[in-house]
Number of protein chains: 2
Amino acid sequence: MAATTQDRAGAKAEFDAFLAACPSRQLLGRLSDKWVALVLAALGDTLRQPGCDEPADARPMRYSELSRRLVGVSQKMLTQTLRALERDGLITRTVTPTVPVTVTYELTDLGRSLHGVMIGLKDWAEVHMGEVLANRDRYDAAAS
Amino acid sequence: MAATTQDRAGAKAEFDAFLAACPSRQLLGRLSDKWVALVLAALGDTLRQPGCDEPADARPMRYSELSRRLVGVSQKMLTQTLRALERDGLITRTVTPTVPVTVTYELTDLGRSLHGVMIGLKDWAEVHMGEVLANRDRYDAAAS
DNA sequence: CAGGATCCAGTAGGATACTG
DNA sequence: CAGTATCCTACTGGATCCTG
């Protein structure tokens, strides 16, 4: 997944996010979004529920299911994020003409390739939260 | 680095970024920042320069060096980002009282543990940029 | 149910000028 | 060199109302 070494050795990407004009800089900005991380995490996480330990394969999720999982997300942000991810080809949107309509979202292969990174980010935040909190206290105390 | 499986198996974190009130949600929001990703990537990337292939250990970077590497960053954003990262204990700030003053930034152990994830994100953006661009074209064309 | 449309407050973030 | 301080705009993003 994190093929950092390989990338430099083999076919070097012609994109460089360190450069302001590079499209990858803009893409990085797009991916660096709380809701993007959470949506991607949620969509890939469905089968990793308590009880089941194997990642298996992701189950599509409905709009309402996502909005319930991402506690506090506004429908505007959720829709906006989903649209952007769909446009970039990270997720698919499937409309089933039931009454009322059913819409499901699912990771594409491309989205799955990013899922690991996003889970890594989310997990890092959860695992190191305590340490970060302690660091903040120390920093703020020093500035007394 | 991405100990996703391990985290669930072992000591489950008491933080859950899916919950709005959880501090880790706010931390995720902070980390989900273009400049955070680029600063962290830059600080850990110093020894992985062309020519040298081994990651070895990161060299501290000066403020001006960072601002040159992160093309297009404003001093406000750079300073703001560096302060936040320092407060959270991800980087250290060292002032050497030369004339004029020299300030260097370096990853802490905590910062290094996040570096891999951030590099993963940046590299993903660069590697899959072409594919994403193609997906966008297809999406926009379909909405004609 | 799954959004679209609109309004509006808050803030992110650039530009500029100044300092130890 | 490495910032701090201030101003100001543009966009983010929540709240609200409406629809197929």
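Just so we're on the same page: letters track the sequence lines, and every chain starts at 1. Predicted model, so just to flag it, every value in this text is computed and none were measured.
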> Let's go through A:L121 and B:L114 carefully: what are the C-alpha distance in whole Å and the side-chain angles of both, what is the deciding distance for side chain to side chain contact (heavy atoms under 4.5 Å, CB included) to 0.1 Å, and is it a yes or a no?
CA-CA 8 Å; A:L121 188 59; B:L114 183 56; 4.2 Å; yes
> OP1 or OP2 of C:dG4 sitting under 4.0 Å from any side-chain N/O of A:Y63?
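No, outside the criterion.
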> May I ask you to check whether B:Y63 and B:T102 show a side-chain donor-acceptor distance below 3.5 Å?
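Absent: no donor and acceptor within the cut-off.
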> For A:R59, is there an ion pair with A:E65 - N to carboxylate O distance below 4.0 angstrom?
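Here A:E65 pairs with A:R59 in a salt bridge, since their nearest N and O are under 4.0 Å apart.
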> Show your reasoning for whether side chain to side chain contact (heavy atoms under 4.5 Å, CB included) applies to B:T92 and B:E86.
CA-CA 6 Å; B:T92 58; B:E86 187 197 0; over 6 Å; no
> Expressed in angstrom and rounded to an integer, what is the separation of A:R68 atom CZ from C:dA2 atom C1'?
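That distance rounds to 12 Å.
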> So, are A:R25 and A:D16 salt-bridged, with charged N and O less than 4.0 Å apart?
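Salt bridge between A:R25 and A:D16, a charged N being under 4.0 Å from a carboxylate O: no.
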> Would you say A:T96's side chain and A:T98's backbone share a donor-acceptor pair under 3.5 angstrom?
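No; judged by distance alone, with no hydrogens or angles, the pair does not exist.
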> Can you tell me if B:R62 touches the phosphate of D:dA2, counting only side-chain N or O atoms and a distance under 4.0 Å to OP1 or OP2?
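B:R62 to D:dA2 OP1/OP2: side-chain N or O found under 4.0 Å.
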> Kindly calculate the angle separating the two end axes of the helix from C:dC1-D:dG20 to C:dG20-D:dC1, each obtained from five base pairs, and round it to 10 degrees.
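Rounded to the nearest 10 degrees, the bend comes out at 60°.
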> Check this one for me: any side-chain N or O of A:S64 less than 4.0 Å away from OP1 or OP2 of C:dC1?
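No, A:S64 has no side-chain N/O under 4.0 Å of OP1/OP2 on C:dC1.
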> Is the backbone N or O of B:S64 less than 3.5 Å from a side-chain atom of B:S67, with the two atoms forming a donor-acceptor pair by type?
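Yes; judged by distance alone, with no hydrogens or angles, the pair exists.
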> Output one letter per nucleotide in nucleotides 5-20 of chain C: B when a protein non-hydrogen atom lies under 4.0 Å from the base, S when only the sugar-phosphate is that close, - when neither is.
--------BB-B----
> Can you figure out which of D:dA2, D:dT4, C:dC1 approaches the side chain of B:R83 most closely?
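Of the options given, the side chain of B:R83 lies nearest D:dT4.
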> Return the value, rounded to whole Å, for the distance between atom CG of A:L38 and atom C1' of D:dG13.
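Between C1' of D:dG13 and CG of A:L38: 15 Å.
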> Report yes if at least one side-chain N or O of B:R93 is closer than 4.0 Å to OP1 or OP2 of D:dA2; otherwise report no.
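Answer no for this pair, as no side-chain N or O of B:R93 is under 4.0 Å from OP1 or OP2.
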> Between A:M61 (CE) and C:dA2 (P), how many Å, whole number?
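Whole-Å distance recorded here is 11 Å.
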> Does B:R30 CZ have over 12 foreign heavy atoms under 6.0 Å away?
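Count not over threshold, so no.
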